[in-house]
2 protein chains.
Amino acid sequence: MLMNGPDKATVAAWIALARAYRVAMQKVETRLKEADLPPLAWYDALWELEKVGEGGLRPFELEHALLFEQYNLSRLVERLVKAGLVERRPCADDRRGHVLAITADGLAVRARIWGVYAPAIEAAVGARLGRDEAVSLARLLARIADND
Amino acid sequence: MLMNGPDKATVAAWIALARAYRVAMQKVETRLKEADLPPLAWYDALWELEKVGEGGLRPFELEHALLFEQYNLSRLVERLVKAGLVERRPCADDRRGHVLAITADGLAVRARIWGVYAPAIEAAVGARLGRDEAVSLARLLARIADND
DNA sequence: CCAATTTACATGCAAATGCATTAAATTCAA
DNA sequence: TTGAATTTAATGCATTTGCATGTAAATTGG
């Protein structure tokens with residue numbers, strides 16, 4: 001009874017994905033810690049909120065943008081608010097929820113993180129791939145991330 | 001004052017890596033949970049021990065193979081031993097440590113997990129890439145994982 | 001040989017995560 | 001309408017992770 005398993009190349013790609021992610025992420029997170037900066041999740045949330053501007057985002061929108069579990073997003077926001085980097089505003093047309101917006105401190109911290117994050121990405125990824133390799137890697141990975 | 005940041009393609013590859021990893025891993029782990037199977041880390045450890053056979057591995061060897069933090073490996077092993085899937089043997093020539101070997105139950109569980117894991121890999125990766133795409137993805141990712 | 005250092009592994013405690021559930025507001029359907 | 005179902009978000013509790021440190025054995029170097 002065969003079970004339609006993946007071929008060698010697929011398994012190799014899967015394993016390579018897991019290893020590359022761990023290696024690169026480990027390097028980047030290590031640099032952030034050395035600089036006494038918050039973890040990457042903070043950056044991602046702040047950046048989403050910065051991109052969207054003054055209008056802010058509902059928690060569930062941020063949850064979808066970041067692919068976070070609901071409870072993880074809830075607690076991440078709690079920490080960001082406590083740290084003064086994000087502001088919770090009451091939501092006019094839906095009183096269950098609120099709107100999240102980045103604060104001035106949040107903008108400053110986001111920029112400070114990027115100062116360390118950007119060179120870390122360059123070291124972990126950029127320095128290892130040519131320009132067109134990076135493009136084709138991104139394209140292949142997008143196929144895996146696409147929701148069909 | 002410029003800071004030698006990554007170019008667009010590099011950042012895109014980095015983001016794609018993180019998203020692809022999360023999406024694929026989420027799918028796979030979800031399937032394992034639905035089947036009431038232990039998390040992937042268990043599989044990885046069991047598989048390393050199965051591959052190496054009767055001789056077993058020292059914890060620090062498993063740690064390097066899996067890219068685990070030392071304390072995480074220590075606790076993973078603790079759980080595997082408690083579950084009866086791995087056996088700790090005293091180590092003749094180094095009495096600080098021990099040798100880890102997979103048990104009969106461990107072999108059985110490893111195989112059961114693979115029964116779910118394999119089709120999950122196929123769905124998350126194999127079904128989305130052609131054979132040569134999988135090969136070139138693995139090659140590109142390996143460049144990122146390689147220790148220089 | 002022996003003191004100092006390094007290596008191997010474990011563990012206490014704090015923080016983060018996962019899971020299940022709750023509460024409250026909104027939407028839908030009869 | 002109004003009652004049922006859904007959506008939004010928070011939270012209690014157990015498990016897992018991270019960090020720092022501890023302990024013991026091995027290695028090094030003087």
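By convention in this document, chain letters (A, B, ...) are assigned in the order of the sequence lines, proteins followed by strands, and residues within each chain are numbered from 1.
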Legend entry - Whole-Å gap separating P (dT17(D)) and CZ (Arg22(A)): 11 Å

Legend entry - Glu122(B) versus Pro6(A), closest heavy-atom pair with distance: OE1-CA, 3.2 Å

Inset, instruction - Mind calculating the distance between CG (Asp93(B)) and C1' (dT27(D)) to the nearest angstrom? - result: 14 Å

Legend entry - Distance, rounded to the nearest Å, where Asp94(B) contributes CG and dT23(D) contributes C1': 14 Å

Inset, instruction - Starting at atom CD of Gln70(B), determine the distance to atom P of dT21(D), rounded to an integer number of angstrom. - result: 15 Å

Inset, instruction - Using the closest heavy atom to pick a nucleotide of DNA chain C for each, name whichever of Asn72(A) or Glu63(B) lands nearer the 5' end. - result: Glu63(B)

Legend entry - Interatomic distance where CG belongs to Leu80(A) and P belongs to dA10(D) [whole Å]: 12 Å

Inset, instruction - Mind calculating the distance between CG (Asp36(A)) and P (dC19(D)) to the nearest angstrom? - result: 12 Å

Inset, instruction - For Arg75(A), report the nucleic acid contact type (base, sugar-phosphate, nothing); a contact means any heavy atom under 4.0 Å. - result: base

Legend entry - Nucleotide interval of DNA chain C bounded by contacts with chain A (heavy-atom cut-off, under 4.0 Å): dA16(C) to dT26(C)

Inset, instruction - Report yes or no: does Thr10(A) contribute a side-chain atom to a donor-acceptor pair with the main-chain N or O of Val125(B) at less than 3.5 Å? - result: no

Legend entry - Lys33(A) vs dC19(D): side-chain N/O to OP1/OP2 distance below 4.0 Å: yes

Inset, instruction - Indicate the ring-plane relationship of Tyr43(B) and Trp114(B), choosing parallel, tilted or perpendicular according to the 30° and 60° boundaries. - result: parallel

Inset, instruction - Check the angle between the aromatic planes of Tyr21(B) and Tyr21(A) and answer parallel, tilted or perpendicular using the 30° and 60° thresholds. - result: parallel

Inset, instruction - For Arg79(B) and dA14(D), give me the distance from atom CZ to atom P, rounded to whole Å. - result: 17 Å

Do any N or O atoms of the protein come closer than 3.5 Å to N or O atoms of nucleotides 4-7 of chain D, and which pairs are they?
| residue | atom | partner | partner atom | Å |
| --- | --- | --- | --- | --- |
| dT7(D) | O2 | Arg96(A) | NH1 | 2.3 |

Legend entry - Joint hydrophobic cluster, Val81(A) plus Leu76(A), side-chain heavy atoms closer than 4.5 Å: yes

Inset, instruction - Tell me whether the OP1 or OP2 atom of dA9(D) has a side-chain N or O from Arg88(A) closer than 4.0 Å. - result: no

Inset, instruction - Find the distance Phe68(A):CZ to dA9(D):P and express it as a whole number of Å. - result: 15 Å

